[in-house]
Amino acid sequence: MKHDSKAVDEHISQIPDRWRSLVEEVREKLLACIDSGFVESLRWGMVTYEVPLEVSGPTYNKQPLSFVALAAQKHHCSLYLMAIYASPEKREQLEQLFAKRGLKADMGKSCIRFKRIEDIPLDEILSMLGEYTVEDFLAITKTGRES
């Protein structure tokens with residue numbers, strides 16, 4: 001969904017009612033669990049939590065490194081889990097969480113699509129994200145660039 005907003009709160013206020021409360025709830029939980037070194041911003045039409053360029057140094061696309069992003073799409077919401085996608089072990093752990101809870105994972109390369117909180121193992125995902133510091137994430141991205 002395209003919005004004209006420049007700030008996160010403004011962006012969220014423009015999300016259709018169908019998804020707004022879901023985005024607000026997930027956002028609140030993300031802010032409570034992730035390392036304070038990740039900066040919340042609005043990029044690519046999504047609420048992103050990223051490593052500022054001042055911390056990461058130059059990137060291939062001259063954009064901050066995105067750790068996680070939250071988006072409201074036309075038919076669903078999405079969580080983009082770059083840190084989990086970058087780790088085969090974490091991705092396997094995520095897939096096992098879905099299976100353990102009897103949920104069908106609607107996953108893309110780095111995203112999970114959902115229509116309700118009950119569609120995803122959110123608490124466990126947040127716990128996994130909470131394990132990462134900015135330094136951990138930078139180490140993972142550095143390893144990925146070197147391979």
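Being a predicted model, the structure only gives us computed values, none of them experimental.
Both L81 and V23 sit in one connected hydrophobic cluster of ILVMFWY residues. Membership requires side-chain heavy atoms under 4.5 Å apart, directly or through other members. With hydrophobic clusters built from ILVMFWY side chains whose heavy atoms lie under 4.5 angstrom apart, Y85 does not share a cluster with I120. Follow the hydrophobic side-chain contacts under 4.5 Å out from V39 and you never reach L129; the two are in separate clusters.
Of the inter-residue distances, the one linking T141 atom OG1 with M82 atom CE reads 11.5 Å to the nearest 0.5 angstrom. A distance of 8.5 Å separates CD of Q93 from OG of S87, quoted to the nearest 0.5 Å. Rounded to the nearest 0.5 angstrom, E40 CD and L31 CG are separated by 4.5 Å. To the nearest 0.5 angstrom, L70 atom CG is 11.0 Å from E25 atom CD. A distance of 10.0 Å separates NE2 in H11 from CZ in R27, rounded to the nearest 0.5 Å. Here E24 contributes atom CD and I12 contributes atom CD1; the two are 6.0 Å apart, rounded to the nearest 0.5 Å.
Smallest separation of non-hydrogen atoms from M46 and A71: CG-CB, 3.4 Å. When all heavy atoms are compared, the tightest approach of K29 to L122 is CD-CD2, 3.8 Å. Listed here is the closest heavy atom pair of L30 and Y49: CD1-CE1, 3.7 Å. Looking at every heavy atom in both residues, Q63 comes nearest to L53 through O-CD2, 3.6 Å. Of all heavy-atom pairs between L42 and V8, the closest is N-CG2, 4.0 Å. A pairwise comparison of heavy atoms in V51 and P64 identifies O-CB, 3.2 Å as the closest pair.
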If you apply the rule side chain to side chain contact (heavy atoms under 4.5 Å, CB included), what do you find for L79 with C111, and how did you get there?
CA-CA 5 Å; L79 258 178; C111 75; over 6 Å; no
Test log, rule side chain to side chain contact (heavy atoms under 4.5 Å, CB included), inputs V26 and I117
CA-CA 8 Å; V26 174; I117 290 286; 3.6 Å; yes
Report the C-alpha separation of I140 and Y132 in whole Å, then their side-chain angles, then the decisive distance to 0.1 Å, and conclude whether the side chain to side chain contact (heavy atoms under 4.5 Å, CB included) test is met.
CA-CA 10 Å; I140 290 169; Y132 287 92; 3.2 Å; yes
List the steps, then state whether salt bridge (Lys or Arg N to Asp or Glu O under 4.0 Å) holds for R101 with D123.
CA-CA 12 Å; R101 295 200 45 209; D123 291 338; over 6 Å; no
For I112 and D106, what are the C-alpha separation, side-chain angles and deciding distance, and is it a side chain to side chain contact (heavy atoms under 4.5 Å, CB included)?
CA-CA 6 Å; I112 297 174; D106 185 359; 5.9 Å; no
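Inter-residue side-chain proximity for V55 and L138 is flagged as met; some heavy-atom pair is nearer than 4.5 Å. Looking only at side-chain heavy atoms (C-beta outward), F137 and L65 come within less than 4.5 Å of each other.
Remark: K115 pairs with W19, H76, D119 by the side-chain contact (heavy atoms from CB on, under 4.5 Å) rule, at least two apart or across chains. In this structure, the salt bridge (charged side-chain N to carboxylate O under 4.0 Å, His left out) partners of R91, at least two apart in sequence or on a different chain, are E95.
Relative ring orientation between F38 and F67 is described as parallel, the plane-to-plane angle staying below 30° on a 0-90° scale split at 30° and 60°.
Formation of a donor-acceptor pair under 3.5 Å by the R113 side chain with backbone atoms of C77 is not found in this model.
Between the side chains of T48 and S66, no donor-acceptor pair is found at a separation under 3.5 Å.
For E28, the CD atom is loosely surrounded, since the number of other residues' heavy atoms within 6.0 Å does not exceed 12.
Within the structure, salt bridge (charged side-chain N to carboxylate O under 4.0 Å, His left out) pairs that include any residue of residues 77-90 comprise K90-E131 (at least two apart or interchain).
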